Amino acid sequence: MNDSRPVRVAIVNDYEIVVRGLERLLADRPPLEVVELDCLVDPALPVDLVLLDTFAAQLGAEKMARLNALPNVGHLVVYTWEQDEQRVARDLAAGARGHLSKGLSGEALAHALLRVHAGEVVVSPFDDHGVRDTAADPHAWPGRAHGLSSREAEVLGLITQGKTNEDIARQLYLSPNTLKRYIRTAYRKIGVERRSQAVAWGYQHGMAPIPGAILPSA
């Protein structure tokens with residue numbers, strides 16, 4: 001690892017609130033430097049690491065392969081709640097060099113990113129003895145303040161994007177019945193009964209992806 005300069009990180013997700021939350025989690029953790037936050041676009045700046053937050057994002061093998069081929073991108077790291085063996089194997093095969101749990105503390109996340117930058121392949125769980133950094137929790141996912149779990153919010157975010165139940169179940173590796181259960185509980189929590197109402201609620205509460213690059217906080 002070159003210790004003479006910061007390790008430049010781009011955070012990629014479909015939602016500004018998500019990338020802002022991750023930026024906050026990594027703030028003041030040298031030598032990491034968040035230099036780009038991207039919604040629905042590829043990183044434009046030269047970066048050592050791209051941290052791919054999977055909340056309702058279209059992070060299939062094709063997108064990961066495209067990102068991995070960009071000349072300005074170093075290593076890809078997936079950041080997710082979902083870490084079953086099949087998904088980890090798929091993402092690593094698509095070019096990811098890290099597969100990290102959202103249960104990691106900010107310190108442990110930063111340490112894992114530095115290990116990837118140093119050339120390791122890092123997959124959670126690993127030797128993290130820290131406590132989750134609750135300072136970032138208010139921005140953990142859209143809808144959290146309304147009682148939605150991360151999975152319910154992810155499902156609702158995909159509904160807001162216009163995805164069908166079949167699309168959502170395939171992307172999130174859920175059975176149709178499990179997906180329907182998440183939809184029912186999410187609808188009950190936000191007080192809607194129909195899909196059109198859920199889409200309207202999603203647009204009103206920050207679940208409509210806004211494309212473009214966002215300037216990191218000063």
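If you're wondering where the values come from, they're calculated on a predicted model, not measured in any experiment.
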pair Arg195-Tyr187: side-chain heavy atoms closer than 4.5 Å: yes

Stepwise side-chain contact (heavy atoms from CB on, under 4.5 Å) test for Val12 and Asp53: CA-CA 6 Å; Val12 176; Asp53 186 294; over 6 Å; no

Which heavy atom of Leu49 sits nearest a heavy atom of Leu113, and at what distance? CD1-O, 3.4 Å

Dump the intermediate steps for side chain to side chain donor-acceptor pair (under 3.5 Å) on Thr54 and Thr80, then the final yes or no. CA-CA 6 Å; Thr54 62; Thr80 180; 3.1 Å; yes

How would you list, by chain and number, every residue that makes a salt bridge (charged side-chain N to carboxylate O under 4.0 Å, His left out) with Arg97, sequence neighbours excluded? none

Main chain of Arg181, side chain of Thr185: is a donor-acceptor contact present, judged purely on distance under 3.5 Å? yes

Between His117 and His75 (judged by ring centroids, cut-off 6.0 Å), do the two rings come close enough to count as a pair? no

Do side-chain atoms of Gln197 reach the backbone of Glu193 as a donor and acceptor pair under 3.5 angstrom? yes

Does any non-hydrogen side-chain atom of Asp91 lie less than 4.5 Å from one of Met64? yes

Which residues satisfy the salt bridge (charged side-chain N to carboxylate O under 4.0 Å, His left out) test with Glu152, sequence neighbours excluded? Lys189

Is a side-chain donor or acceptor of Asp48 paired with a backbone partner of Arg8 at a separation under 3.5 angstrom? yes

Within a strict 4.5 Å, meaning less than it, do heavy atoms of the Val155 and Ile183 side chains meet? yes

Leu67 and Leu52, any side-chain heavy atoms less than 4.5 Å apart: yes

Side-chain contact test, heavy atoms from C-beta onward, threshold under 4.5 Å: evaluate it for Leu158 versus Leu172 and give yes or no. yes

Without swapping roles, check the side chain of His111 against the backbone of Glu107 for a donor-acceptor pair under 3.5 Å. no

Under 3.5 Å, sequence neighbours excluded: what are the donor-acceptor pairs made by side chains of residues 37-47?
unit_1: Asp42; atom_1: OD1; unit_2: Arg66; atom_2: NH2; d: 3.0
unit_1: Asp42; atom_1: OD2; unit_2: Arg66; atom_2: NE; d: 3.0

Should Leu26 and Glu23 be marked as a side-chain contact (heavy atoms from CB on, under 4.5 Å) after you check the CA-CA gap, both sets of side-chain angles, and the distance that decides it? CA-CA 5 Å; Leu26 292 175; Glu23 179 197 19; over 6 Å; no

Heavy-atom closest pair, residues Tyr182 and Arg151: CZ-CG, 3.3 Å

Considering only heavy atoms from C-beta outward, does the side chain of Glu33 approach that of Val7 to under 4.5 Å? no

Any side-chain heavy atom of Leu156 within less than 4.5 Å of one from Trp201? yes

Is there side-chain contact between Ile159 and Ile168, with heavy atoms separated by less than 4.5 Å? yes

For a quick test of reading the model, state the closest non-hydrogen atom pair linking Leu104 to Ser124 and the distance between them. CD1-OG, 3.6 Å

